[in-house]
Amino acid sequence: GENVEQHPSTLSVQEGDSAVIKCTYSDSASNYFPWYKQELGKRPQLIIDIRSNVGEKKDQRIAVTLNKTAKHFSLHITETQPEDSAVYFCAARGGGSFYSSASKIIFGSGTRLSIRP
Amino acid sequence: EAGVTQFPSHSVIEKGQTVTLRCDPISGHDNLYWYRRVMGKEIKFLLHFVKESKQDESGMPNNRFLAERTGGTYSTLKVQPAELEDSGVYFCASSQAGTGIYSGNTIYFGEGSWLTVV
């Protein structure tokens, strides 16, 4: 079945520096890749997503890149701030019709990001 | 617009007891998902409803877990009898039906039901 691997499991960066989280997926038919941020005791919140017909997407300090050939996708956070501290999950939606939302989304194991002041 | 709501937010039960978790998805969302996160691990898929039908229940751990979604609105997840390893946070999530490229994919999560089995 679909598998998503995420690295690193923990990441500590100096405030103002960049953070990069990497994921790989197993199902070459996967077509949708969301990233979620979960703060302590709160629900996972979607922060950015990318579809398989796009190689890169940016939203202010957050960007996501997708390499379909290598089945890799990454989250980049620039100019990190204390409020970026959280657990980040990558995810992939399995194959099937591009227009169908029937396929389940599989999550990676999460990255605990800590921003050092 | 109300988000995905879950009840109870926290539950502590003894091994062997029964617990029922409830999820109310965002109004109009046909897709409803149950996920579970055990401390420090991934958000693991349990099952997926499309309206009242079980689209995929491949993630359900065993037959002690029963999910229902009568009428295609709210859903319940019952654990009977509960075991220690069932402890974790149970998330419900919902999304719209897929009708085009830009619809149906964003999944919205509830706050989770924290289950502790002692």
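As the structure is a prediction and not an experimental result, all values here were calculated from the model. Chain A is the first sequence line, chain B the second, and so forth, proteins listed ahead of strands; every chain is numbered from 1.
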Can you check side chain to side chain donor-acceptor pair (under 3.5 Å) on B:W34 and B:S75, steps first, answer last?
CA-CA 9 Å; B:W34 283 99; B:S75 175; 3.0 Å; yes
Side chain from CB out, backbone as N, CA, C, O: work out which of these in A:P34 comes under 4.5 Å of a heavy atom of chain B, or both, or neither.
neither
With ring pair (Phe, Tyr, Trp, His ring centres under 6.0 Å) as the test, would you mind laying out the steps for B:Y33 and B:F49 before giving the verdict?
CA-CA 6 Å; B:Y33 309 83; B:F49 285 98; 9.8 Å; no
Do NZ/NE/NH1/NH2 and the carboxylate oxygens of A:D49 and A:K57 come within less than 4.0 Å?
yes
For the backbone of A:G110 and the side chain of A:Q6, can you confirm whether one donor and one acceptor N or O come within less than 3.5 Å of each other?
yes
A:S52 and A:N31: CA distance, side-chain angles, deciding distance, side chain to side chain donor-acceptor pair (under 3.5 Å) verdict
CA-CA 5 Å; A:S52 57; A:N31 55 28; 5.5 Å; no
Does anything in residues 70-88 of chain A reach chain B? List residues with heavy atoms under 4.5 Å apart, or say none.
A:V87
Say whether, by atom type as modelled, one donor and one acceptor occur between the side chain of B:Q6 and the main chain of B:Y90 under 3.5 angstrom.
yes
Can you tell me how the ring of A:F107 sits relative to the ring of B:F109, calling it parallel under 30°, perpendicular over 60° and tilted otherwise?
perpendicular
Toward chain B, the part of A:Q38 with a non-hydrogen atom under 4.5 Å:
side chain
